Amino acid sequence: MKFFIDTANLEEIKKANELGILAGVTTNPSLVAKENVPFHERLREITSIVSGSVSAEVISTDAKGMIEEGEELAKIAPNITIKVPMTPEGLKAVKVFSEKGIKTNVTLVFTANQALLAARAGATYVSPFLGRLDDIGHNGFEL
């Protein structure tokens, strides 16, 4: 099992990293905005702290836009993983990234079937939304 911290706060990342259990970081533009720093700058800072995967989320909703954004994000550091949504357009992007050797993390996964589709498209990781499932009355751990 791998543990990832979902934040853009450098102090939280450093503390988690010091424990020796951190496999990587997942983040997105909203989390970075709360830190009042530019997205690419914060990604560079995180990748200098953490040697494992750092998932950087795209904001485009179409495959073409996701691919363009993802290719730019992947240039930031070798441990950047492109985070894409579990949508038909996201799966199209994952397929292209996989063919290009770019690691991906599919987010907004609510069912095992979605995780299987993401894996089939070539996803490196999937991020199930256990907390959101719990919020709507399901047991997220049953996923």
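From a predicted model like this one, the values you see are computed outputs, not experimental measurements. One-based numbering along the sequence shown.
- Looking only at side-chain heavy atoms (C-beta outward), F4 and S53 come within less than 4.5 Å of each other.
- The two atoms that bring A56 and L43 nearest to each other are CB-CD1, 3.6 Å, heavy atoms only.
- Between the side chains of T81 and S55, no donor N or O sits under 3.5 Å from an acceptor N or O.
- Side-chain heavy atoms closer than 4.5 Å link hydrophobic residues (I, L, V, M, F, W, Y) into clusters, and following such links, even through other members, never connects I21 to I5.
- Checked by atom type and distance alone, the side chain of E72 never pairs as donor or acceptor with a backbone atom of E69 at under 3.5 Å.
- Annotation for A118 and L91: closest pair CA-CD2, 3.8 Å, computed over non-hydrogen atoms.
- A 4.5 Å side-chain heavy-atom check between M66 and T87 finds at least one atom pair inside the cut-off.
- The shortest side-chain heavy-atom distance between T107 and V84 does not fall under the 4.5 Å cut-off.
- In this structure, the side chains of V58 and K83 stay at 4.5 Å or more apart for every pair of heavy atoms.
- Under a 3.5 Å cut-off, the side chain of R42 and the backbone N or O of E35 do not form any donor-acceptor pair.
- A donor-acceptor contact shorter than 3.5 Å links the side chain of N17 to the backbone of I49.
- Using a 4.5 Å heavy-atom threshold, the side chains of F39 and L73 count as touching.
- Side-chain contact check for D6 versus L31: some heavy-atom pair is nearer than 4.5 Å.
- For N79 (side chain) and G52 (main-chain N/O), a donor-acceptor pair under 3.5 Å exists by modelled atom type.
- Under a hydrophobic clustering in which Ile, Leu, Val, Met, Phe, Trp and Tyr are joined whenever their side-chain heavy atoms come within less than 4.5 Å, directly or via other members, Y125 and V25 fall into different clusters.
- The shortest heavy-atom contact between T124 and K103 is OG1-CA, 3.3 Å.
- Between T27 and A8, the closest heavy-atom pair is OG1-CB, 3.5 Å.
- Inter-residue side-chain proximity for T47 and V50 is flagged as unmet; no heavy-atom pair is nearer than 4.5 Å.
- Grouping the Ile, Leu, Val, Met, Phe, Trp and Tyr side chains by contacts below 4.5 angstrom, directly or via other members, places I80 with V32.
- Under the 4.0 Å criterion applied to side-chain N and carboxylate O atoms, E89 and K92 are assigned as salt-bridge partners.
- Within the 4.5 Å cutoff, side-chain heavy atoms of M86 are placed close to those of L117.
- Between E11 and K15, no side-chain nitrogen of the basic residue sits less than 4.0 Å from a carboxylate oxygen of the acidic one, so the salt-bridge criterion is not met.
- Ion pairing of K95 with E99 is present here, as a side-chain N (NZ or NE/NH1/NH2) and a carboxylate O approach within less than 4.0 Å.
- A donor-acceptor pair is defined here as one N or O able to donate and one able to accept, closer than 3.5 Å; no such pair exists between the side chain of S60 and the backbone of D62.
- Among all heavy-atom pairs drawn from E57 and N28, the shortest one is OE1-CB, 3.1 Å.
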Next item on the list: For side-chain contact (heavy atoms from CB on, under 4.5 Å), just list the numbers for I82 and N105, CA-CA rounded to whole Å, side-chain angles, deciding distance to a tenth of an Å, and then say yes or no.
Entry: CA-CA 6 Å; I82 307 307; N105 178 356; over 6 Å; no
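- Under the 4.0 Å criterion applied to side-chain N and carboxylate O atoms, R44 and E41 are not assigned as salt-bridge partners.
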Note to self: Set out, in order, the CA-CA distance, both residues' side-chain angles and the distance that settles salt bridge (Lys or Arg N to Asp or Glu O under 4.0 Å) for E18 and K14, then state yes or no.
What the structure shows: CA-CA 6 Å; E18 288 170 0; K14 288 175 186 176; over 6 Å; no
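- Annotation for T104 and G122: closest pair OG1-O, 3.9 Å, computed over non-hydrogen atoms.
- Not a single donor-acceptor pair under 3.5 Å links the side chain of S98 to the backbone N or O of V94.
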